[in-house]
Amino acid sequence: MIRDTQPLMMNRQTELFRFSGDVSDPDFLDWICHRANRLGLNGWVRKNAAGGFIEALASGPEELLDAMELGCSLGPITVWVETVVRCPHDSDGPMPNGFKILTQAD
Amino acid sequence: MTISDVARNDWYPVAIENLLIEGQPETVVLMGETLTILRAADDQIKVTAADGSECPLTLRYGHVWSSIGRPEHALFDIPEAAEEGRRMVDCGPVRVKASPLRVVENFLDIAHFPFVHTDILGAEPHTEVEPYKVEIRDTVDEVWATKVRFFQPQAAKSAEEGQMTDYMYRVPAPCVSILYKTSPPRPGAWDVIGLFVRPISEELCDAYAWMALYDEDSNQTDLVQFQQMIFLQDRSILENQIPRLLPLDPKMEIPTRADTTSVAYRRWLKRKGMTYGAQLVAR
């Protein structure tokens, strides 16, 4: 099993995700956080109130970032994700250990 | 439960047209309602509800299509059905104790071929699903997956050896899936296989397979038997899936790239409000 996971671990990258559409349900942040933690990703998610979208910074193997996008594109029944935009991110700051919801205070 | 208008006002297969015998009514259940199909002495086919009211009727692709509602749209078109030289094969219904949406989703899944249809539609070590394109085509309101390629030991009854098979998938209605695959005797053309599903309840359905093939050699019985064998392999998997309804919230699952078509299908169902046979909240 270790042999199987090594190629994934070598391929870690960090990406910024932007989820747009009808994403105003506040529980969506918990949902994304739950998804990211199940995938073992590090990073954070927050609501961009001004932009009306959700953004998340996630770090992990590319295949699991793909799984993050796919799962969130469907999301809970209370939201409709119209688009997902992903872009590579050179993270200078420290990444959280695990995945968490950022509040305004953060 | 309340059946949404989207589910109620759609077309569903209720019988195979050429198996209806004059004067011998057949009864089926569609989303809990009993319908009677009758070929009358004047050869006209009628579908009636339990209260005696007449139901909508369309005869296409060898099947009788009806509805418990009032469809405002025509039945989806399969242009290939009108092409010269194709053999039309009705494979008959298979009863499946599963959500009709689960049955359609399974039909769209390529990754299970080597494991469920071993040495026929797939084989180890050829298990990798190459990247392919999936889109919801808004102009026609359909889900399409294209540029799908997969190695198959026996792609069809007419196949004599293993080959890379090209696929396209199309979902023109929530309970219908159509696949296009390389025709073994005519590599430049597509064979067309449709799966038409009639929901009996949210967890029980009849699935009718229909084919429009370029195959002049195989006899009809062998063609039907081949397709039935494939579908019966699927059924044992479908009837053991948990939850029995198709989750529209994937909280308890981890879809990956190979599941892109499935996710597009679920997004499309969600957007349409097609909830019959679906689980809305993950448990």
Side-chain angles (χ1 to χ4, degrees), chain A residues 1 3-5 7-9 11-13 15 17 19-43 45 54 56 58 60-86 99 101, chain B residues 1-2 4 6 101-102 105 108-111 124-125 127-138 141 143 145 171 174 243 245-283:
Chain A
M1 292 307 286
R3 188 189 61 222
D4 289 340
T5 55
L8 288 175
M9 298 307 289
N11 193 22
R12 280 189 94 80
Q13 56 195 59
E15 292 190 28
F17 289 73
F19 304 104
S20 309
D22 182 2
V23 294
S24 58
D25 181 359
D27 289 344
F28 191 31
L29 296 180
D30 284 330
W31 197 99
I32 292 172
C33 203
H34 176 267
R35 166 78 13 166
N37 279 314
R38 281 197 74 179
L39 292 168
L41 302 176
N42 293 328
V45 61
I54 304 290
E62 182 182 8
E63 291 83 352
L64 298 186
L65 295 177
D66 288 347
M68 173 81 168
E69 176 192 346
L70 208 57
C72 293
S73 73
L74 186 52
I77 199 72
T78 50
V79 310
W80 173 253
V81 177
E82 186 68 40
T83 57
V84 182
V85 177
R86 290 168 61 174
F99 207 89
I101 298 172
Chain B
M1 71 157 296
T2 306
S4 68
V6 174
L101 306 180
R102 282 271 196 204
E105 183 194 54
L108 301 172
D109 177 41
I110 307 141
E124 294 187 76
T127 56
E128 186 178 355
V129 179
E130 295 179 17
Y132 56 93
K133 184 180 179 189
V134 181
E135 60 187 328
I136 296 174
R137 295 186 179 172
D138 288 328
D141 193 22
V143 181
V171 183
L245 301 177
L246 181 73
L248 292 189
D249 176 343
K251 189 170 184 177
M252 307 308 285
E253 303 170 308
I254 303 287
T256 63
R257 276 288 164 208
D259 304 312
T260 306
T261 311
S262 163
V263 170
Y265 173 58
R266 296 189 200 193
R267 275 172 57 81
W268 183 71
L269 293 173
K270 182 177 170 180
R271 192 173 72 173
K272 290 176 87 67
M274 175 62 184
T275 55
Y276 193 84
Q279 182 195 62
L280 304 190
V281 178
R283 285 189 288 270

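Per chain, numbering begins at 1; letters A, B, ... match sequence-line order. Everything numeric in this text was worked out from a predicted model, so none of it was measured.
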(message) Holding to side-chain hydrogen bond (donor to acceptor under 3.5 Å, both in side chains), I want the full list of residues that pass it with Arg271(B), two or more places apart in sequence or in another chain.
(response) Asp138(B)
(request) Could you walk me through whether Thr256(B) and Glu63(A) pass the side chain to side chain contact (heavy atoms under 4.5 Å, CB included) test, one step at a time? (result) CA-CA 8 Å; Thr256(B) 63; Glu63(A) 291 83 352; over 6 Å; no
(message) Could you check whether Arg257(B) pairs with Glu69(A) (Lys NZ or Arg NE/NH1/NH2 to Asp/Glu carboxylate O, under 4.0 Å)?
(response) yes
(request) With chain B as the partner chain, list the residues of residues 26-35 of chain A whose heavy atoms fall under 4.5 Å from it, by residue number, and write 'none' if nothing qualifies. (result) Trp31(A), His34(A), Arg35(A)
Tell me which donor-acceptor pairs under 3.5 Å the side chains of residues 71-81 of chain A have, and how far apart each pair is, sequence neighbours excluded?
unit_1   : atom_1 : unit_2   : atom_2 : d
Ser73(A) : OG     : Leu70(A) : O      : 2.7
Thr78(A) : OG1    : Asp25(A) : OD2    : 2.6
Trp80(A) : NE1    : Glu82(A) : OE1    : 2.7

(request) Check side-chain hydrogen bond (donor to acceptor under 3.5 Å, both in side chains) between Gln279(B) and all other residues, then give those that pass, not counting sequence neighbours. (result) none
